[in-house]
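The structure appears right after this line, and notes come after that.
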Amino acid sequence: LVPNEHEAATLTGRTDPFAAATALLDRAPRAVLTLGAAGSLYLTRDAEPLVVPAPRVTAVDSTGAGDTYVGTLAVALGEERPIREAMAWAAAAAALSVQREGASASMPYRSEIEARYTS
């Protein structure tokens, strides 16, 4: 399950992201909460919580950033990358997207994500 912090609060009634993510574990075995500029939080029933920071950028338009993150995370997990690496790769993609205007037009190409992720 990959909600943003506001969606997680709506689903659980809890405004603290960690508390919301913990409550989501009653419904799903794992959860990734996107936290905007604060990064993302991963919780699972059988491991310690993991926080991955977001790259520091100047945001122009956050429309589509969540979709970019989730899509990129899905690709990374499909490629069997470890969760920390997958989340960092998704964060790099979302950071690129918020620096551009629009939703789908702001989504970066894989080559751009790789260049950002490795820098």
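Just the heavy atoms: all of them, side chains too, but no hydrogens, waters or symmetry mates, feed the values below.
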Heavy-atom closest pair, residues G36 and A54: O-CB, 3.8 Å
M87 with L41, same ILVMFWY side-chain cluster at under 4.5 Å: no
Table please: side-chain donor-acceptor pairs of residues 66-79 below 3.5 Å, with sequence neighbours left out.
residue	atom	partner	partner atom	Å
T68	OG1	G64	O	2.9
Y69	OH	S40	OG	2.9
T72	OG1	T68	O	2.7
E79	OE1	R81	NE	3.2
E79	OE1	R81	NH2	3.3
E79	OE1	R110	NH2	3.1
E79	OE2	R110	NH1	2.9
E79	OE2	R110	NH2	2.8

L96 reachable from Y117 in the ILVMFWY side-chain graph, under 4.5 Å edges: yes
Linked, directly or transitively: M107 and V60 (ILVMFWY side chains, under 4.5 Å): no
Partners meeting side-chain contact (heavy atoms from CB on, under 4.5 Å) with A65 (sequence neighbours left out): S97, V98
Donor-acceptor under 3.5 Å (N4 side chain, T34 main chain): no
Distance, nearest 0.5 Å, that separates OG1 of T12 from CD of E7: 11.5 Å
In one Ile/Leu/Val/Met/Phe/Trp/Tyr side-chain cluster, 4.5 Å: V52, I83: yes
Partner residues of E112 under the side chain to side chain donor-acceptor pair (under 3.5 Å) criterion, sequence neighbours left out: R100
Test side chain to side chain donor-acceptor pair (under 3.5 Å) applied to R84 - qualifying residues, sequence neighbours left out: none
S106 and E101, any side-chain heavy atoms less than 4.5 Å apart: no
D46: partners by side chain to side chain donor-acceptor pair (under 3.5 Å), with sequence neighbours left out: T44
Side-chain heavy atoms of W89 within contact of I113, under 4.5 Å: yes
Transitive ILVMFWY side-chain link V51 to L35, under 4.5 Å: yes
Side-chain donor/acceptor of R14 to backbone N/O of A8, under 3.5 Å: no
Distance (rounded to the nearest 0.5 Å) between L33 CG and H6 NE2: 10.5 Å
Considering only distance and modelled atom types, tabulate donor-acceptor pairs under 3.5 Å from the side chains of residues 18-32, sequence neighbours left out.
residue	atom	partner	partner atom	Å
T22	OG1	F18	O	2.8
R27	NH1	L11	O	3.1
R27	NH2	L11	O	2.9

